[in-house]
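Have a look at the structure below, then the notes.
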Amino acid sequence: MRWLGLDWDEGPDAGGTHGPYRQSERLELYRAGADDLLSQGRAYRCFCAPAALEAERRAAHAAGLPPKYSGRCRTIDPADAVARVAAGEAAAVRFAVPPDREVTFHDLVRGDVTFNTRVIGDPVIVRSTGVPAYNFAVVVDDARMAITHVIRGEDHISNTPRQILLYEAIGATSPAFGHLSLVLGPDHAPLSKRHGATSVMEFRERGYLPEALVNYLALLGWSPGENEELVSVAEMARRFDLAAVSHSAAVFDTGKLAWMNRHYMKEAAPSRLANDALPYFVRAGQVTTESDASRAFVESLLPMTVGSVDRVEEMPERLAFLFAWDPSRAADLVRAEPDGVRAVTAFGAAIAGAGPLDREAFRTAATRAREATGLKGRALFHPIRVALTAADSGPELDLAVPAIDRGAALGPGSGVAPIRSCADRAAAVVERVSCL
RNA sequence: GUCCCCAUCGUCCAGCGGUCAGGACGCGGCCCUUUCAAGGCCGAGACCCGGGUUCGAUUCCCGGUGGGGACGCCA
């Protein structure tokens, strides 16, 4: 959440007056709450074996009935129950749900929702191990922590009535609830591991920018208004309204996230992006050490990748031609071009001894090659591209060419893997190609 | 099976009784670029079905269908 630029008012590492904030440190609170309900007869001990419960569930399902707990142990005399526990028998504590009652709550996003308690089985509140169950722990916590709003996924909507009953039983007012619809994968199944990245940290590792992720996620089920899409966290905080949230589930669209990530990469400060990108270059072996020089070199490469790559993680691959230049592959690609050999030979001659090629020098050389061969446009530039990059697509040549030479000028201790210069590459290709 | 929730382009959102049903992603085309992307412009593309209510329904109501969720000593 910090990475996304979101913060919170209270918590284990934020302080606050409603601690402790870890459930493991609140066990006493839950125990006291359960004992209370037990003594009021609003809860009871259950001795049912898990296997028996499972069999019951199956039977109910087969009979077309809601597979809820029968409430069998409800009728056990409390004194007997205490005796059995004292004798060492394992027991869970269940909440006695009031029979045949309508529970209605006003959902902040959906409006009034009503359940009849007939469909709600008595939930376990404390496991036989003494550990409180989720449904009880959250109620105790939220009541004592003075929580006002519970905003969560739609999958919790049917937990709400039983929790409301629990608030009522412990004498607390229930918070306001709002249920957001779920996020689906492309197959319309709720997003899960098999859809790929599902945790925020995975998106971070894959090279998404936090501002892109929050922005995209916020748009899943919410809109800042008429035809607006790019919004900062601060802007969202100002404009967000639960009442305006969509009621239906949304399919997660990686393509749109990618578009948004490209947008934010273009907006990001180069130094920050270079810093984010550096580890990926190291992993690819293109940067050997994270030195100032290597960081600066990576930053100088950014204009070639920003906007043409979806994620920071993809930058090294896009720039692989700088490092992994293969003369025989380059020569093959040049030969495959109609006037490839002529174009590259002329270009090689034009840059021979020209020194490092900046953008101007490159343009000059290209012009000389054009005059010498009469080739122009793709016929001229494509062979040059494949000769210098050993690849048939990539960044603009007048960006790539200076980058190659800038890298080639870097010495061994720079932290950048060795790069062959343009002149070198052209000469090697011409040599291979002219043996024909 | 039972209960609950949901339903506008392929996808994400606008719309809130009368609109040529709008935008974005993606897709197709064109332009720009002496090559790729990016960018600019143009284009194709939707109101689940059936009943009501109304002068008039995408919009309100009911039913159906479809999708999702929940029915744990998981959270």
Side-chain angles (χ1 to χ4, degrees), chain A residues 23 46 48-50 53-54 57 60-69 90-94 107 109-111 113-116 118-121 123-135 137-138 152-162 179 181-184 186 188-190 216 219-230 244 246-260 262-263 266 303-309 318 337 343 363 366-367 369-370 375-386 389 391-400:
Chain A
Q23 292 196 330
C46 174
C48 294
L53 294 172
E54 180 53 34
R57 256 193 297 277
H61 191 277
L65 297 167
K68 60 163 202 173
Y69 175 61
V93 179
R94 283 188 190 267
D107 191 287
V109 352
R110 284 153 214 277
V113 179
T114 302
F115 284 86
N116 190 294
R118 263 176 309 200
V119 301
I120 306 173
V124 167
I125 257 167
V126 181
R127 292 186 265 248
S128 52
T129 57
V131 178
Y134 162 81
N135 266 309
V138 290
R152 58 198 343 185
E154 194 185 22
D155 50 339
H156 282 285
I157 197 159
S158 53
N159 276 326
T160 310
R162 87 184 83 231
H179 291 92
S181 51
L182 302 179
V183 179
L184 274 26
H188 280 154
Y216 177 71
L219 254 35
L220 241 33
W222 177 71
S223 157
E226 288 273 334
N227 305 338
E228 270 187 273
E229 300 220 287
L230 301 165
S246 163
H247 297 184
S248 57
V251 173
F252 193 92
D253 181 358
T254 315
K256 184 147 184 180
L257 206 214
W259 165 76
M260 203 164 265
R262 287 197 301 268
H263 168 83
K266 285 179 225 162
M304 285 190 285
T305 61
V306 165
S308 60
V309 123
R318 173 95 175 152
E337 290 295 313
R363 282 171 182 278
T367 304
R370 188 188 64 201
L375 298 169
K376 59 179 182 174
R378 198 198 130 88
L380 175 68
F381 283 87
H382 198 69
I384 295 175
R385 134 168 282 116
V386 298
T389 66
D392 44 20
S393 75
E396 280 181 71
L397 270 179
D398 62 353
L399 247 33

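Chain letters run A, B, ... following the sequence lines, proteins first, then strands; residues in each count from 1. Bear in mind the structure is a predicted one, so any value in this text is a computation, not a measurement. Side chains included, hydrogens not; waters and symmetry mates left out as well; all remaining heavy atoms used.
Residues that satisfy the salt bridge (Lys or Arg N to Asp or Glu O under 4.0 Å) test with A/Arg110, not counting sequence neighbours, are A/Glu154. Scanning for side chain to side chain contact (heavy atoms under 4.5 Å, CB included) contacts around A/Ser248 gives A/Ser246, with sequence neighbours left out. Taking the salt bridge (Lys or Arg N to Asp or Glu O under 4.0 Å) definition, one finds that A/Arg363 meets it with A/Asp398, sequence neighbours left out. Remark: A/Val386 engages A/Leu333, A/Val334, A/His382, A/Asp392 in a side chain to side chain contact (heavy atoms under 4.5 Å, CB included) (not counting sequence neighbours). Partners of A/Glu337 under the salt bridge (Lys or Arg N to Asp or Glu O under 4.0 Å) rule, at least two apart in sequence or in another chain, are A/Arg378. Shown here are the side-chain hydrogen bond (donor to acceptor under 3.5 Å, both in side chains) partners of A/Asp253, two or more places apart in sequence or in another chain: there are none. Contacts of A/Arg262 classified as salt bridge (Lys or Arg N to Asp or Glu O under 4.0 Å), with partners at least two apart in sequence or in another chain: A/Asp310. Every residue two or more places apart in sequence or in another chain that forms a side-chain hydrogen bond (donor to acceptor under 3.5 Å, both in side chains) with A/Ser308 is listed here: A/Arg318. A/Pro161 meets the side chain to side chain contact (heavy atoms under 4.5 Å, CB included) test with A/Val103, A/Phe105, A/Phe115, A/Ile120; sequence neighbours excluded.
Counting any heavy atom pair closer than 4.0 Å across all strands shown, A/Gly121 reaches no nucleic acid atom. Among the protein residues, A/Asn116 comes within range of no part of the nucleic acid, since none of its heavy atoms lies under 4.0 Å from any strand. At a threshold of 4.0 angstrom between heavy atoms, the contacts of A/Ala343 with the nucleic acid are absent. When heavy atoms are screened at a 4.0 angstrom cut-off, A/Ser181 is found touching no nucleic acid atom at all. Base engagement by A/Ser128 is indicated by at least one non-hydrogen atom pair under 4.0 Å involving a base atom. Within 4.0 Å (heavy atoms only), A/Ala92 reaches at least one base atom of the nucleic acid.
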Between protein and nucleic acid, restricted to nucleotides 24-26 of chain B and to nitrogen or oxygen atoms under 3.5 Å apart, what atom pairs and distances do you find?
unit_1 : atom_1 : unit_2   : atom_2 : d
B/A24  : O4'    : A/Glu229 : OE1    : 3.2
B/A24  : O2'    : A/Glu229 : OE1    : 2.4
B/A24  : O2'    : A/Lys256 : NZ     : 3.3
B/A24  : N3     : A/Lys256 : NZ     : 3.1
B/C25  : OP1    : A/Trp259 : NE1    : 3.3
B/C25  : O2'    : A/Lys256 : N      : 3.2
B/G26  : OP1    : A/Arg262 : NH2    : 3.1

Between the protein and nucleotides 30-34 of chain B, list every N/O to N/O distance that falls short of 3.5 Å.
unit_1 : atom_1 : unit_2   : atom_2 : d
B/U34  : O2'    : A/Gly377 : N      : 2.7

Scoring nucleotides 58-69 of chain B by protein non-hydrogen atoms under 4.0 Å (B base, S sugar-phosphate only, - none) yields ----------SS

